[in-house]
Amino acid sequence: MNSADTPRSPGSPDAAPSTEAGATATVCSAKGCRATAVWVVVWNNPKVHTPDRRKTWVACEEHREHLSHFLDLRGFLKDVVTLEEWESVPRGD
């Protein structure tokens with residue numbers, strides 16, 4: 001994997017939502033990618049997180065498979081859902 005393929009945290013400055021014509025878009029978590037995310041890759045590192053904790057990366061169509069594979073190889077991948085589906089599920093704050 002080269003540095004352009006390295007995922008970045010969705011909370012990093014590079015991953016900040018972009019604004020186009022007044023609308024906010026979620027930007028893909030893959031390093032260097034500025035495409036709009038349409039997928040949520042859900043993961044958990046069992047050595048660091050409690051079993052119920054879920055971390056997320058967001059992905060565009062092009063990077064969904066790559067980010068999922070990266071996490072699956074490490075045993076971290078829990079689920080991949082559309083961003084629309086993820087946002088429609090109520091979550092406790």
Side-chain angles (χ1 to χ4, degrees):
M1 175 173 8
N2 66 43
S3 64
D5 292 334
T6 304
R8 65 176 181 263
S9 168
S12 72
D14 278 351
S18 63
T19 302
E20 235 176 86
T24 301
T26 303
V27 177
C28 180
S29 296
K31 187 174 182 179
C33 184
R34 303 306 298 160
T36 300
V38 293
W39 295 97
V40 177
V41 182
V42 185
W43 60 280
N44 172 298
N45 179 343
K47 292 182 179 179
V48 178
H49 306 116
T50 59
D52 61 327
R53 176 89 187 264
R54 293 295 181 261
K55 303 286 285 182
T56 58
W57 284 340
V58 292
C60 64
E61 286 291 344
E62 181 181 349
H63 291 109
R64 178 194 57 84
E65 187 173 334
H66 172 76
L67 294 175
S68 299
H69 183 69
F70 177 88
L71 293 166
D72 195 35
L73 283 174
R74 290 153 181 81
F76 297 170
L77 183 64
K78 297 299 180 188
D79 202 1
V80 179
V81 297
T82 65
L83 183 59
E84 183 178 342
E85 181 181 353
W86 182 262
E87 291 175 339
S88 71
V89 175
R91 298 188 191 336
D93 291 335

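Side chains are part of it too, since the values below use all heavy atoms of this structure and drop only hydrogens, waters and symmetry mates.
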Is it true that a side-chain atom of N44 and a backbone atom of R53 form a donor plus acceptor pair closer than 3.5 Å?
-> yes
When rounded to the nearest 0.5 angstrom, what is the spacing between OG1 in T26 and CH2 in W86?
-> 13.0 Å
Work out which heavy atom in S68 is nearest to a heavy atom in R64; give both atom names and the distance.
-> OG-O, 2.8 Å
Verify side chain to side chain contact (heavy atoms under 4.5 Å, CB included) between L67 and W39, making sure each step is shown before the conclusion.
-> CA-CA 10 Å; L67 294 175; W39 295 97; over 6 Å; no
Can you tell me how far the CG atom of L83 sits from the OG1 atom of T56, to the nearest 0.5 Å?
-> 9.5 Å
When the ring planes of W43 and F76 are compared, do they come out parallel, tilted or perpendicular, using 30° and 60° as the limits?
-> parallel
Aromatic plane relationship, F70 with H66 - under 30° parallel, 30 to 60° tilted, over 60° perpendicular | tilted
Which pair of non-hydrogen atoms, one from A59 and one from C28, has the smallest distance, and what is that distance?
-> CA-SG, 3.7 Å
Do the side chain of H49 and the main chain of N45 share a donor and acceptor less than 3.5 angstrom apart?
-> yes
Measuring from L71:CG to K55:NZ, what's the distance to the nearest 0.5 Å?
-> 11.5 Å
Please examine the side chains of P46 and P51, heavy atoms only from C-beta on, and report whether any two atoms are closer than 4.5 Å.
-> no
Please report the closest heavy-atom contact between A25 and T36, naming both atoms and the distance.
-> CB-OG1, 3.9 Å
Report yes or no: does S29 contribute a side-chain atom to a donor-acceptor pair with the main-chain N or O of V58 at less than 3.5 Å?
-> yes
Mind checking whether V41 and L77 have side chains closer than 4.5 Å, heavy atoms only?
-> yes
Taking atom NE2 of H69 and atom NE2 of H63, what is their separation to the nearest 0.5 Å?
-> 14.0 Å
